[in-house]
Amino acid sequence: MNTPLSKDFYQTSSLELAKKLLGCKLIKETVEGIASGIIVETEAYMGPMDRAAHSYNNRRTKRTEIMFHEAGHIYTYVMHTHCLVNIVCNEVDKPEAVLIRAVEPVQGIELMMKRRNQTILANITNGPGKLTKALGISMEDYGHVCWLPPLYIAEGIKPTNIAIGPRIGIENSGEAKDYPWRFWIEDNPYVSRRNKRAKS
DNA sequence: TACGTGATGCCC
DNA sequence: GGCATCACGTAG
């Protein structure tokens, strides 16, 4: 339990990794304790040809630099007041990444509720900004690798059915906004809110 | 449903 | 400087 996946797990395209990550366990260790969750929703960002990706047209800045590095690095960035977490994948100089949009709480539930100031289990990790706060993921995790503590990914469960749909929050990305590059575990109660609304 | 929040990059 | 961006919480 909680044995990190090996680095070659990440050496694939973001579309493949987004599907493979569903059911895996995301774990963060801090002085406050261990918090973890099963990944239930992801989005693929395909790099230079994907208008919605930060690395579109090979845009390489201090922020996106890590996307050009070896697969399995952690790419965190700040959106308004929230931190979002991505996993870099594919080969060096192929700047692809998978955004983790929601997890199902497993370990450290009390700790996560406290960090989120929230008592409803279904609301503590059901969004990309929420899960980073619950797990204690921040810009300090930028550039680390996800096969070593304190932030790493381990084997979890095998998802039954995977649902597919368009990504969220990229309305100004031209034709890229319609690409079905979001994946989630069907009927899981911990997927993000906008996702459930879209289904109803 | 609408607004405030406020890091980062890019185009003036 | 001004604006857009891979959200979220709160108020009404």
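Numbered from 1 within each chain, the chains take letters A, B, ... in sequence-line order.
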*Counting only Watson-Crick or G-U wobble pairs whose two distances fall under 3.5 Å, which nucleotide matches C/dC6?*
none

*asked:* When the P atoms of B/dC12 and C/dT5 are compared, how many Å lie between them, rounded to an integer?
replied: 16 Å

_C/dC6 OP1/OP2 closer than 4.0 Å to side-chain N/O of A/H54_ = yes

*Determine whether the aromatic ring centres of A/H54 and A/Y45 lie less than 6.0 Å apart.*
no

*asked:* Under 4.0 Å, counting only non-hydrogen atoms across every strand here, what does A/L99 touch: a base, just sugar-phosphate, or nothing?
replied: base

*Within this structure, what is the CE-to-P distance between A/M139 and B/dG9, rounded to whole angstrom?*
9 Å

*Is it true that the NZ or CZ of A/R167 lies under 6.0 Å from the centre of A/Y179's six-membered ring and within 45 degrees of the ring axis?*
no

_Tell me whether the ring of A/H80 lies stacked over the C/dC8 base, given a 5.5 Å limit on centroids and a 30° limit on the plane angle._
no

*How many Å lie between NE2 on A/H82 and P on B/dT8, as a whole number?*
15 Å

*Determine the interatomic distance between P on C/dC6 and the same-named atom on B/dT1; round to the nearest Å.*
22 Å

*In terms of the nearest nucleotide of DNA chain B, which residue is placed more toward the 5' end: A/K62 or A/T81?*
A/T81

*For A/K133 and B/dA7, what is the distance between atoms NZ and P respectively, to the nearest whole Å?*
15 Å

*Do A/N2 and A/Q107 have side-chain atoms, one donor and one acceptor, less than 3.5 Å apart?*
yes

_Does A/R167 reach a base, just sugar-phosphate, or nothing at all? Heavy atoms under 4.0 Å._
nothing

*Whole angstrom is fine here: how far is it from CG in A/N123 over to C1' in C/dA7?*
14 Å

*Compare the minimum distances between each of C/dA7, B/dA7, C/dC6 and the side chain of A/V78, then state the nucleotide with the smallest one.*
B/dA7

*Will you find, in the side chains of A/R101 and A/T125, an N or O donor that is under 3.5 Å from an N or O acceptor?*
no

*Of the nucleotides C/dC6, B/dT5, B/dG9, which one has an atom closest to the side chain of A/Y45?*
C/dC6

_Gap in Å between the two P atoms, one belonging to B/dC3 and one to C/dA4, rounded_ = 15 Å

*Rounded distance (Å) that lies between atom P of B/dC11 and atom CG of A/N57*: 10 Å

*For the pair made of CD1 in A/I100 and P in C/dC6, what is the distance, rounded to whole Å?*
17 Å

*Take atom CD in A/E175; do more than 12 heavy atoms of anything else shown fall under 6.0 Å from it?*
yes

*Looking for any heavy atom pair under 4.0 Å, which part of the strands does A/R116 touch: base, sugar-phosphate only, or nothing?*
sugar-phosphate

_Distance, rounded to the nearest Å, where A/N86 contributes CG and C/dC6 contributes P_ = 11 Å

*Nearest to side-chain heavy atoms of A/R59, which nucleotide of B/dC10, C/dC8, C/dA7*: B/dC10

*Measure the distance from CE on A/M46 to P on C/dC6 and round it to the nearest whole Å.*
17 Å

*Counter-base of B/dG6, judged by Watson-Crick or G-U geometry with both distances under 3.5 Å*: none

*Taking the same atom, C1', in C/dG9 and in B/dT8, what whole-Å distance lies between them?*
22 Å

_Distance alone, cut at 3.5 Å: any donor-acceptor contact between the side chains of A/E104 and A/N188?_
yes

